[in-house]
K.L.:
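Have a look at this one before I ask anything.
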Amino acid sequence: MLRLIFVSFTIFILAACSSKTDIEPMDFAGQFKDKFSTQIKGDGIKLFVYTAKIATASDRNLNDVPPHQQRIDRRKQDARSYAKEMRNKEELLQIWAQQVQVGLDKTIAMTGYCQNGYIELSRYVEAERGEIRGECQDGATEEDRVKFGR
């Protein structure tokens with residue numbers, strides 16, 4: 001079941017990318033979870049961490065295939081389909097990296113956290129999850145401290 005969902009998702013992503021150049025956030029509605037964490041230092045430096053991951057089957061109220069069944073299914077898969085799957089993996093990773101960036105950009109725009117843009121401090125993107133850390137180019141205002149401070 002999980003394999004069917006993954007293959008369907010993969011086909012959907014590839015079809016979407018081949019038909020248009022821009023990624024629309026609504027194309028991924030309900031398919032991933034993200035989190036935006038903020039930190040304002042005493043001297044007004046505004047930092048953030050944006051994390052995103054593909055929603056698991058349980059996140060989407062679907063039945064998850066047990067790991068041992070996944071291994072059994074993998075052994076039954078023929079070499080040709082496995083090779084094709086591996087070739088598509090890099091394309092999917094690029095698409096996923098773009099979606100993580102779109103998610104961060106939309107989150108910053110919606111929250112108004114970095115008014116003058118940001119400097120990317122680090123980026124880590126792998127299959128099914130990604131993280132971008134950054135520092136805003138503007139200093140924290142009193143309003144920022146109230147809205148985003150802890």
Side-chain angles (χ1 to χ4, degrees), residues 2-62 64-68 70-71 73-74 77 82-150:
L2 185 59
R3 176 189 271 171
L4 178 62
I5 293 169
F6 179 76
V7 170
S8 298
F9 178 72
T10 302
I11 291 169
F12 172 77
I13 295 296
L14 292 175
C17 287
S18 65
S19 63
K20 59 184 175 182
T21 56
D22 294 330
I23 294 176
E24 291 295 324
M26 291 309 295
D27 291 346
F28 292 87
Q31 296 181 18
F32 77 97
K33 297 180 114 181
D34 63 349
K35 180 180 177 184
F36 186 64
S37 302
T38 61
Q39 180 183 22
I40 298 177
K41 298 286 189 173
D43 56 358
I45 294 175
K46 299 184 337 186
L47 303 171
F48 66 85
V49 178
Y50 178 78
T51 55
K53 71 175 189 119
I54 298 288
T56 62
S58 60
D59 292 335
R60 292 189 256 164
N61 295 323
L62 302 172
D64 208 356
V65 177
H68 68 277
Q70 291 175 11
R71 287 189 298 275
D73 292 344
R74 174 67 73 191
Q77 185 179 19
Y82 181 75
K84 184 178 180 181
E85 182 180 324
M86 292 300 108
R87 284 190 304 269
N88 290 333
K89 198 172 192 176
E90 186 175 326
E91 286 180 28
L92 291 173
L93 186 59
Q94 290 174 353
I95 293 166
W96 174 239
Q98 290 174 356
Q99 180 55 35
V100 171
Q101 184 65 54
V102 168
L104 171 60
D105 293 344
K106 294 289 183 184
T107 300
I108 286 178
M110 287 176 12
T111 61
Y113 189 63
C114 296
Q115 295 292 317
N116 297 329
Y118 63 90
I119 299 167
E120 187 174 302
L121 301 176
S122 69
R123 174 185 294 250
Y124 179 77
V125 178
E126 67 177 10
E128 301 185 9
R129 70 185 191 105
E131 176 183 279
I132 300 174
R133 294 176 179 268
E135 178 181 330
C136 297
Q137 291 184 347
D138 56 311
T141 64
E142 192 56 42
E143 182 182 331
D144 289 335
R145 291 180 192 278
V146 170
K147 186 175 179 182
F148 300 107
R150 296 208 165 107

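Treat the numbers as computed from the prediction; the structure is a model and nothing was measured. The analysis underlying the following values was restricted to heavy atoms, covering all of them including side chains, and did not include hydrogens, waters or symmetry mates.
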K.L.:
How close do L104 and Y118 get, heavy atom to heavy atom, and via which atoms?
P.N.:
CD2-OH, 3.4 Å
K.L.:
Do K35 and E131 touch side chain to side chain, with heavy atoms closer than 4.5 Å?
P.N.:
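They are not in contact (no side-chain heavy atoms under 4.5 Å apart), so the answer is no.
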K.L.:
Test side chain to side chain donor-acceptor pair (under 3.5 Å) on E126 and Y124 and set out the steps.
P.N.:
CA-CA 7 Å; E126 67 177 10; Y124 179 77; 2.8 Å; yes
K.L.:
Working note: K33 + R129, criterion side chain to side chain contact (heavy atoms under 4.5 Å, CB included); need CA distance, chi angles, decisive distance, verdict.
P.N.:
CA-CA 9 Å; K33 297 180 114 181; R129 70 185 191 105; over 6 Å; no
K.L.:
With rounding to the nearest 0.5 Å, note down the distance linking CG in D34 to CD in Q99.
P.N.:
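Separation between the atoms: 9.0 Å.
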K.L.:
Could you tell me which non-hydrogen atom of V100 sits nearest to which non-hydrogen atom of G130, and how far apart they are?
P.N.:
CG2-CA, 4.4 Å
K.L.:
I need the K41 NZ to E135 CD distance, nearest 0.5 Å.
P.N.:
10.0 Å
K.L.:
Within this structure, what is the CG-CD distance for the pair L93 and E128, rounded to the nearest 0.5 Å?
P.N.:
11.0 Å
K.L.:
Measuring from atom CZ of F32 to atom OG1 of T51, what distance do you get when rounded to the nearest 0.5 angstrom?
P.N.:
10.5 Å
K.L.:
Tell me, which pairs form a disulfide (SG to SG under 2.5 Å) where one or both residues lie in residues 87-122, sequence neighbours left out?
P.N.:
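Matches after skipping sequence neighbours: C114-C136.
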K.L.:
If you round to the nearest 0.5 Å, how far is OH of Y50 from CG of D105?
P.N.:
9.0 Å
K.L.:
W96 and I54: side chain to side chain contact (heavy atoms under 4.5 Å, CB included), yes or no, with the steps?
P.N.:
CA-CA 9 Å; W96 174 239; I54 298 288; 3.6 Å; yes
K.L.:
Measure across Q137 and N116 and return the closest heavy-atom pair with its distance rounded to 0.1 Å.
P.N.:
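Answer, listing the atom of Q137 first, then N116: OE1-O, 3.0 Å.
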K.L.:
Which one of T107, I108, T111, L121 satisfies the side-chain contact (heavy atoms from CB on, under 4.5 Å) criterion with F48?
P.N.:
I108
K.L.:
Report yes if some heavy atom in the side chain of L47 is under 4.5 Å from a heavy atom in the side chain of R133; otherwise report no.
P.N.:
no
K.L.:
Would you find more than 12 non-hydrogen atoms of other residues, nucleotides or ligands less than 6.0 Å from K147 atom NZ?
P.N.:
yes
K.L.:
Quick check with a 6.0 Å cut-off and a 45 degree axis cone: is K46 positioned over the face of Y113's six-membered ring?
P.N.:
yes
K.L.:
What's the separation between atom CD in Q115 and atom CG in D138, rounded to the nearest 0.5 Å?
P.N.:
6.0 Å
K.L.:
Give the minimum heavy-atom separation between I40 and D144, together with the two atoms involved.
P.N.:
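It is CD1-O, 3.5 Å.
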K.L.:
Hey, are R145 and E143 close enough for a salt bridge, meaning a charged N less than 4.0 Å from a carboxylate O?
P.N.:
no
